[in-house]
> 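This is the structure I have questions about; it appears just below.
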Amino acid sequence: KIAKDISEKDKERAKTYLNMSKNYLSDAKHFKKEGKWVNSFAAVNYAHAWLDAGALVGLFDVDKDNMMFTVDID
């Protein structure tokens, strides 16, 4: 989820990151339907990368989940 105590500009950035992630997830589903498994897998990884990047820079609140997100590096 989008972090609460961030600026309006950062909230807009977070929405962009979420949209990019959603777009890549949509691509992954499309590639899966076409049987393009490698492309689907790549797109899923890009989708997660956008979420992970947002978590790393503090745009998303991921409840300190350091198993799914890179949130414990300084």
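Keep in mind that the numbers below use all heavy atoms, side chains included, and drop hydrogens, waters and symmetry copies.
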> Quick one: CZ on F60 to NZ on K1, what's the gap to the nearest 0.5 Å?
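Reported to 0.5 Å precision, the distance equals 12.0 Å.
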> Hey, can you pull the donor-acceptor pairs under 3.5 Å for the side chains in residues 38-51, sequence neighbours left out?
{"from": "S40", "atom 1": "OG", "to": "A28", "atom 2": "O", "distance (Å)": "2.9"}
{"from": "N45", "atom 1": "ND2", "to": "F41", "atom 2": "O", "distance (Å)": "2.7"}
{"from": "H48", "atom 1": "NE2", "to": "M68", "atom 2": "O", "distance (Å)": "2.9"}

> Apply side chain to side chain contact (heavy atoms under 4.5 Å, CB included) to K33 and list each qualifying residue two or more places apart in sequence or on a separate chain.
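Checked K33 against side chain to side chain contact (heavy atoms under 4.5 Å, CB included); zero matches.
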> Can you tell whether the side chains of E12 and K15 come within less than 4.0 Å, N to carboxylate O?
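Yes, E12 and K15 are salt-bridged.
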> With a sphere of 6.0 Å drawn around NZ of K22, does it hold more than 12 non-hydrogen atoms of other residues, nucleotides or ligands?
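Atom NZ in K22 is not packed in, count stays at 12 or less.
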> Please confirm whether the backbone N or O of I6 pairs with a side-chain atom of D10, one donor and one acceptor, at under 3.5 Å?
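Judged by distance alone, no pair lies under 3.5 Å.
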> Are L25 and V62 connected in the hydrophobic side-chain network, where two residues link if heavy atoms are under 4.5 Å apart?
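They do not share one cluster, since no chain of ILVMFWY contacts under 4.5 Å joins L25 to V62.
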> What is the distance from atom CZ of R13 to atom CD of E8, rounded to the nearest 0.5 Å?
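One finds 12.0 Å between CZ of R13 and CD of E8.
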> Going by the rule side chain to side chain contact (heavy atoms under 4.5 Å, CB included), which residues pair with L56 if we only count those two or more places apart in sequence or in a different chain?
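If we apply the side chain to side chain contact (heavy atoms under 4.5 Å, CB included) test to L56, skipping adjacent residues, the hits are T70, I73.
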> Given Y17, which partner from the list L59, I2, D52 fulfils the side chain to side chain contact (heavy atoms under 4.5 Å, CB included) test?
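Filter result, single survivor: L59.
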